[in-house]
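One structure is given below, encoded as structure tokens.
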Amino acid sequence: MDIITDIKAMQDRCFAERAAGRTIAFVPTMGFLHEGHLSLLREGRRRGDLLVLSIFVNPAQFGQGEDLDRYPRDFARDEQLARACGVDLIFYPAADAIYPDDYATFVNVVGPLTTTLEGASRPGHFRGVATVVAKLLIIVQPQVALFGRKDFQQLAVVRRMTTDLNLPVEIVGMPIVRETDGLAMSSRNVYLSDAERQQALSLSQALARGRHLAAEGVCAVGEVLAALRAMIEAQPAARIDYLRICHRSSFLEQERIDVDSVLLLAVTVGKTRLIDNGSLLDEAEAC
Ligand code: PAF
């Protein structure tokens, strides 16, 4: 496994790999790898001849007062995990290589996709994500890139951006990986105290309850959200940022739950902001 920090060296290597007829599968991350990332790497291993992982904590997607400085980092551990997943190449650039002093170009996906939900709560976040993902795709030149569905809106933004910019890459969304008690895996889970970790279960429990209500035929969005809100607010350390039921592709809010409905939620537990999402109805259960 090689580790490359230099952008030009990375681009030259990936160009040579493609010229030699190899398929590049790419998993972009901010490091501090967990099972969710590893599931992307395993699928990437299956899909590509060359498996590339990038580790870059992207300053452009963090807002003022967010956790950029304390975002967990452990390169030695990530390196070991990557090796065990069969990664061929880690791209590990420095922030000032990606964004030199005279850096001036950003990718902005406009519309409800980036102004609602995460976009409303974290202004500029998706501009930072779209910019770095576009840059990484141009550097790594993969035929396929894999992203987790825990960041449901991010995945939609990345798909929109690659389609609109005609980037020749297949974007693959992979299922959320959960702890055995239901908590969605996230690098930020390490911030949680034991008591907060317990209360953080209210996110996945709300999802399960939403699915249960919809399957029982309770499809009025207002009624379902009121029940879920009460569940989460019963946790003393939990503060709801948003709790919405939206159409999976337009991201517009719905009044009735259908097969295209997705529940999306962001909840701050203690000082840790957590997100989760999931669909509410299978085809067979439609209200
Ligand atoms: O999901 C993440 O870890 C990041 O948002 C990504 C896609 C690597 C861009 O920095």
Side-chain angles (χ1 to χ4, degrees), residues 7 10 24-41 43-44 51-63 66-75 77-78 81-82 85 87 89-99 103 105-109 113-114 117-119 121-140 142 144-162 165 167 169-177 184-191 264 266 272-277:
I7 293 176
M10 186 70 192
I24 302 178
F26 176 44
V27 177
T29 76
M30 300 207 297
F32 210 69
L33 303 180
H34 53 65
E35 264 307 314
H37 297 117
L38 304 189
S39 73
L40 305 183
L41 290 172
E43 180 63 15
L51 176 59
V52 177
L53 162 72
S54 67
I55 297 179
F56 179 64
V57 181
N58 174 33
Q61 70 188 72
F62 289 79
E66 290 189 356
D67 57 343
L68 173 62
D69 295 336
R70 64 183 192 116
Y71 195 84
R73 294 164 167 88
D74 189 343
F75 185 75
R77 181 172 158 277
D78 287 347
L81 291 169
C85 286
V87 169
L89 201 50
I90 301 183
F91 180 46
Y92 184 47
D96 59 0
I98 295 289
Y99 302 112
Y103 191 81
T105 304
F106 289 87
V107 178
N108 212 5
V109 175
L113 196 51
T114 54
L117 303 159
E118 285 301 286
S121 299
R122 306 182 67 189
H125 171 67
F126 286 126
R127 176 184 189 254
V129 169
T131 300
V132 84
V133 172
K135 282 172 70 77
L136 291 168
L137 292 174
I138 290 166
I139 296 165
V140 177
V144 50
L146 300 100
F147 295 81
R149 282 198 213 122
K150 186 175 77 74
D151 296 293
F152 188 84
Q153 201 177 357
Q154 165 174 285
L155 178 59
V157 170
V158 168
R159 285 194 201 281
R160 182 81 264 152
M161 182 271 289
T162 53
L165 296 182
L167 298 182
V169 59
E170 180 192 355
I171 303 298
V172 174
M174 293 288 291
I176 297 177
V177 178
M185 300 242 178
S186 163
S187 303
R188 291 187 168 99
N189 290 349
V190 292
Y191 297 150
L264 294 129
T272 307
R273 190 170 179 283
L274 302 171
I275 58 173
D276 203 342
N277 70 80

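Numbering of ligands and ligand atoms starts at 1, following listing order.
- Listed by atom number, the atoms of ligand 1 under 4.0 Å from V132 heavy atoms are 9 (C), 10 (O).
- Atoms CZ and OH, from F32 and Y71 in turn, are 9.0 Å apart once rounded to the nearest 0.5 Å.
- Atom OG1 in T29 sits 8.5 Å away from atom CD1 in I90 (nearest 0.5 Å).
- Ligand 1 has no nitrogen or oxygen under 3.5 angstrom from a nitrogen or oxygen of N58.
- Counting only distance, with no hydrogens or angles, the side chain of N58 and the backbone of M30 share no donor-acceptor pair below 3.5 Å.
- Between the side chain of D276 and the main chain of K150, no donor-acceptor pair closer than 3.5 Å is present.
- Within ligand 1, the atoms closer than 4.0 Å to a non-hydrogen atom of Q154 are 1 (O), 2 (C), 4 (C), 5 (O), 7 (C), numbered from 1 in the order shown.
- Listed by atom number, the atoms of ligand 1 under 4.0 Å from Q61 heavy atoms are 4 (C), 5 (O), 9 (C), 10 (O).
- Closest to atom 3 (O) of ligand 1, if we only count protein heavy atoms, is M30 CG, 3.6 Å.
- In this structure, CG in D67 is found 3.5 Å from OH in Y191, a value given to the nearest 0.5 Å.
- Counting the atoms of ligand 1 from 1 in the order shown, those under 4.0 Å from a heavy atom of P28 are 8 (C).
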